[in-house]
Amino acid sequence: AGKALSKLESFAQNGKANCEHKLLLLQAEMKSFLGENDDSFGKYESAIAVAGENNFIHEQAIANERTGDFFVRNGDSRASQYYGKSNTLYLQWGAQCKADHLCKNLPF
């Protein structure tokens, strides 16, 4: 993951609009893995916001889904809020099957 993070940091410097949200999501996942939950949540929120600002609907959906997973792992009821937003974004993007998968397999 360290190599991927370094590559994304480099890409984000050259193509911020295309890569910043991916970098933030990877940072959130790494912090979550390390148990740095307060920092992790902030990175998830930033990844969601930046993906939205740059009109990456599908990646905003993924970031919301991963944030929901983060909250499930930590026993937080806010997971359903993020899964619901993810589902809406997948539908907006046209990914009906992915939205159906969320509805069938996730707690929201």
Residues His58 and Tyr90: closest non-hydrogen pair is O-CE2, 4.3 Å
Mind running side chain to side chain contact (heavy atoms under 4.5 Å, CB included) on Phe41 and Arg78 for me, showing each step along the way?
-> CA-CA 12 Å; Phe41 176 61; Arg78 290 180 284 179; 4.1 Å; yes
More than 12 heavy atoms of other residues, nucleotides or ligands under 6.0 Å from CG of Asn14: is that the case?
-> yes
Donor-acceptor contact present, side-chain Asn64 to main-chain Gln60, <3.5 Å = yes
Is there a side chain to side chain contact (heavy atoms under 4.5 Å, CB included) between Tyr82 and Glu45 once you walk through the steps?
-> CA-CA 10 Å; Tyr82 288 91; Glu45 284 288 300; 2.4 Å; yes
Can you check whether Asp76's main-chain N or O pairs, donor with acceptor, with Asn74's side chain at less than 3.5 Å?
-> no
Kindly give the heavy-atom pair with the smallest separation between Ala12 and Leu23, and that separation in Å.
-> CB-CD2, 4.0 Å
Determine yes or no for a side-chain-to-main-chain donor-acceptor pair under 3.5 angstrom, with Thr67 supplying the side chain and Ala63 the backbone.
-> yes
Nearest atoms (heavy-atom pairs only) where Tyr83 meets Glu65 | CE2-O, 3.5 Å
Considering all heavy atoms, the nearest Leu102-Ser86 contact = CD1-OG, 3.7 Å
Between CZ on residue Phe71 and CD on residue Gln81, distance to nearest 0.5 Å = 7.5 Å
Please check if the side chain of Ser10 supplies one atom and the backbone of Ser6 the other of a donor-acceptor pair under 3.5 Å.
-> no
Answer yes if the side chains of Gln96 and Asp100 hold a donor-acceptor pair under 3.5 Å, and no otherwise.
-> yes
dist Asn87:CG -> Ser80:OG (nearest 0.5 Å) comes out at 12.0 Å
Do Met30 and Val50 belong to the same hydrophobic cluster, where Ile, Leu, Val, Met, Phe, Trp and Tyr are linked whenever their side-chain heavy atoms lie under 4.5 Å apart, directly or via other members?
-> no
Cluster link Leu26 to Leu24, ILVMFWY, side chain under 4.5 Å | no
Contact summary for Ala47 and Leu25, nearest pair of heavy atoms | CB-N, 3.7 Å
Distance in Å, Glu36 CD paired with Gln27 CD, rounded so as to fall on 0.5 Å steps = 11.0 Å
Can you list the steps and then say if Phe56 with Asn18 is a side chain to side chain contact (heavy atoms under 4.5 Å, CB included)?
-> CA-CA 9 Å; Phe56 287 102; Asn18 290 325; 3.5 Å; yes
Closest non-hydrogen atom pair between Ser32 and Tyr44, with its separation | CB-OH, 3.9 Å
Rounded to the nearest 0.5 Å, how far does CG of Leu91 lie from NZ of Lys98?
-> 12.0 Å
